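To keep things clear, I will list the structure first and then write my remarks on it.
Predicted model only: the values in this text are computed from it and were never measured. Atoms considered below: every heavy atom in the structure, side chains included; atoms not considered: hydrogens, waters and symmetry mates.
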Amino acid sequence: MAGSRSSTRLMGAYILFFVPFLALGTATSQVPFLMWSSERLPPLASPAAGHITSYEQLSAYLTSAFSSGSHTVLLFLQDKLSKDDFTVFGGAFGNKQDSAFKNLEAAIQSSSSSVTLPALEWTGSFDVAALLQEKLGVSPLLVDADTLSHLNIKTSVSNLLLINLPYCSSLQKSCKEVLHENDEIIGNALSLMKAKKVPYTAIYTGLRPSRVISELPVSDQSVGRTLLQAAVPDVKPPIIFNGSGGPCIMLWAQNLSVKLSENSPWINLAEETPTLPGSFCDGSTSRLALTYSSGFSLSFVLRQRFYSVSARNWSTLDTVELKYRNLSASYIANRGIYTPAEYSFHCQSVTNFGDALLFPNITDQNSSEWRLNFIDFQIQGFGLSNSTDFSYASDCASFFTPAIWMGLLTVLLMLLILVYGLHMIMQVNTMDRFDDPKGPTISVPQTE
């Protein structure tokens with residue numbers, strides 16, 4: 001959209017784009033696709049309400065947009081994104097101060113031209129990064145705000161810069177806070193491109209939809225009274241390494257999130273399928289090495305030792321090592337991650353910050369700068385007994401927490417004060433003889 005427009009008209013355009021699609025939504029999964037450029041883009045007719053843009057139509061348009069010359073493309077790829085995110089967090093009805101997309105709206109408004117596809121067809125094989133790589137003829141380069149500021153961009157060749165953005169997977173932040181931080185990352189990246197005076201084309205879309213509404217045809221729905229049952233979410237299988245005698249290491253986590261700098265986004269490695277080169281297990285040591293296609297490697301080293309005090313074998317997670325390209329960081333975990341050897345270990349949150357269970361290695365500089373956050377983490381390196389199920393889990397949260405101990409001690413103290421007071425009252429003795437002013441004076445001997 002060329003020219004300058006007011007903020008209210010821009011938000012109105014968003015509502016006109018997205019609200020009809022909400023009203024006419026179907027069972028097809030969709031993601032929004034926003035594209036704007038500092039240069040002129042080929043014209044594209046606005047889609048009609050209810051129209052879902054196919055993957056082939058997007059491919060044909062990108063071919064016309066990048067068919068000639070060199071282009072620098074900034075791909076802001078969020079883990080999840082849907083039209084509802086703009087409706088809920090876009091600051092509608094003129095309340096611009098409450099919008100989580102201030103920088104995005106300002107960038108589209110000030111761009112030379114832009115294209116908005118509210119409903120782009122999404123399937124499990126959808127990969128916009130691979131599509132752009134095909135059209136530009138270059139591989140995507142994963143960057144963040146720090147690396148982008150020091151990156152030397154050559155405008156004589158095409159460049160595909162990939163910036164991953166998280167979604168609402170953190171327990172510490174709300175969806176609006178996460179989207180607002182993503183919007184700040186977009187604004188900083190665009191400011192750096194303007195400072196470098198590099199012409200660019202920016203794309204903001206999602207890796208998958210954040211909200212999927214499935215609708216069954218009437219013919220497939222049962223008629224009459226039926227019991228309502230909540231849909232059971234698909235649970236991904238655990239990561240299992242098979243030794244010579246069967247399964248010997250097992251790991252499961254909802255999130256394996258890593259962060260390389262303060263300004264870089266969280267990257268959830270649990271969404272990728274790893275390979276296990278370098279993994280091994282024997283009677284005393286088990287090592288699970290996970291290698292991901294994004295360039296990350298994550299390894300866990302568990303050891304089994306016999307302690308005479310408890311007269312049993314204990315398993316400890318000695319080290320956790322994270323590698324990214326030529327950089328690495330190691331963490332010591334045996335202070336808080338231990339369990340009887342025949343048990344598995346489980347913890348809702350395993351981090352190297354805050355209430356940390358992973359402590360940085362003092363000889364490793366990256367370990368104090370990188371951030372690890374494992375959600376719903378469970379691991380077992382011994383005693384699987386050829387089974388694909390975890391043994392009884394020893395949880396990191398003990399039964400008697402500090403709050404419970406404080407409550408018990410306070411109650412005991414109050415009971416002691418009450419018992420002491422009752423005891424003192426029971427020891428009070430009244431006089432058994434009284435002085436009569438009309439009778440003889442009572443004499444009380446001192447030796448009585």
Side-chain angles (χ1 to χ4, degrees), residues 1-18 21 30-47 53 57-78 81-83 85-87 89-91 96 99-120 128-129 131-132 135-136 140 143 145 148 153 155 158-165 179-180 182-207:
M1 302 177 187
S4 173
R5 298 183 179 178
S6 65
S7 180
T8 304
R9 293 184 61 189
L10 180 64
M11 197 66 234
Y14 270 100
I15 296 176
L16 289 176
F17 267 122
F18 289 119
F21 284 89
Q30 309 153 18
V31 293
F33 184 89
L34 307 179
M35 180 176 177
W36 67 97
S37 177
S38 59
E39 300 177 327
R40 179 66 60 179
L41 291 174
L44 180 66
S46 299
T53 306
Q57 291 173 330
L58 175 63
S59 177
Y61 178 76
L62 294 180
T63 300
S64 63
F66 302 132
S67 59
S68 61
S70 58
H71 302 272
T72 299
V73 178
L74 280 172
L75 175 58
F76 299 100
L77 188 59
Q78 193 165 283
L81 185 65
S82 292
K83 301 184 293 290
D85 295 319
F86 292 96
T87 305
F89 306 109
K96 307 307 295 181
S99 175
F101 304 97
K102 296 179 182 178
N103 292 316
L104 178 62
E105 295 174 13
I108 295 178
Q109 181 183 4
S110 60
S111 63
S112 299
S113 58
S114 64
V115 171
T116 302
L117 301 178
L120 176 62
V128 66
L131 179 61
L132 290 172
K135 303 303 179 184
L136 296 173
V143 297
L148 184 60
I153 302 176
T155 58
S158 294
N159 303 280
L160 178 56
L161 307 179
L162 173 61
I163 300 179
N164 287 324
L165 301 175
L179 293 175
H180 178 71
N182 292 347
D183 186 64
E184 292 294 331
I185 294 175
I186 294 175
N188 293 335
L190 297 179
S191 298
L192 290 173
M193 296 298 291
K194 292 179 180 178
K196 293 176 179 290
K197 297 182 179 180
V198 176
Y200 66 89
T201 298
I203 296 174
Y204 177 54
T205 186
L207 190 62

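- When atom types are taken as modelled, the side chain of T201 and the backbone of L74 share no donor-acceptor pair closer than 3.5 angstrom.
- A distance of 8.5 Å separates CD1 of I186 from CD1 of I163, quoted to the nearest 0.5 Å.
- In terms of heavy atoms, K194 sits closest to S110 at NZ-OG, 4.3 Å.
- In this structure, CG on L165 lies 9.0 Å from CG on L75, to the nearest 0.5 angstrom.
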Requested in this report: Take N103 and I185, measure what side chain to side chain contact (heavy atoms under 4.5 Å, CB included) needs, and give me the verdict at the end.
Outcome: CA-CA 9 Å; N103 292 316; I185 294 175; over 6 Å; no
Requested in this report: Starting from the C-alpha separation in whole Å, work towards a yes-or-no answer on side chain to side chain contact (heavy atoms under 4.5 Å, CB included) for L81 and V31.
Outcome: CA-CA 6 Å; L81 185 65; V31 293; 5.6 Å; no
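- S113 places a side-chain N or O within 3.5 Å of a backbone atom of L41 that can act as its donor or acceptor partner.
- Under the 3.5 Å distance criterion, the side-chain polar atoms of S112 are matched with a main-chain donor or acceptor of S38.
- In terms of heavy-atom proximity, T155 sits nearest to S70 at O-OG, 2.7 Å.
- Taking the six-membered ring for Trp and the full ring otherwise, F89 and F101 have centroids separated by 6.0 Å or more.
- The CG atom of L58 sits 5.5 Å away from atom CG of L131, with the distance rounded to the nearest 0.5 Å.
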Query - Intermediate values then yes/no, side chain to side chain contact (heavy atoms under 4.5 Å, CB included), T63 and K135 - result: CA-CA 6 Å; T63 300; K135 303 303 179 184; 2.7 Å; yes
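- Side chain of Y61 to main chain of P42: a donor-acceptor pair is present (N/O by atom type, distance under 3.5 Å, no hydrogens or angles).
- Not one N or O on the side chain of D183 forms a donor-acceptor pair closer than 3.5 Å with the backbone of L179.
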Requested in this report: Would you please test E39 and S111 for side chain to side chain contact (heavy atoms under 4.5 Å, CB included) and show each step?
Outcome: CA-CA 8 Å; E39 300 177 327; S111 63; over 6 Å; no
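- A donor-acceptor pair is defined here as one N or O able to donate and one able to accept, closer than 3.5 Å; such a pair exists between the side chain of S158 and the backbone of H71.
- With respect to L34, the side chain to side chain contact (heavy atoms under 4.5 Å, CB included) criterion is satisfied by exactly one of L104, T205, L117, V115: L104.
- Expressed to the nearest 0.5 Å, how far OH of Y204 lies from CZ of F33 amounts to 13.0 Å.
- Although no hydrogens or angles enter the test, the distance criterion places a donor-acceptor pair under 3.5 Å between the side chain of D85 and the main chain of S82.
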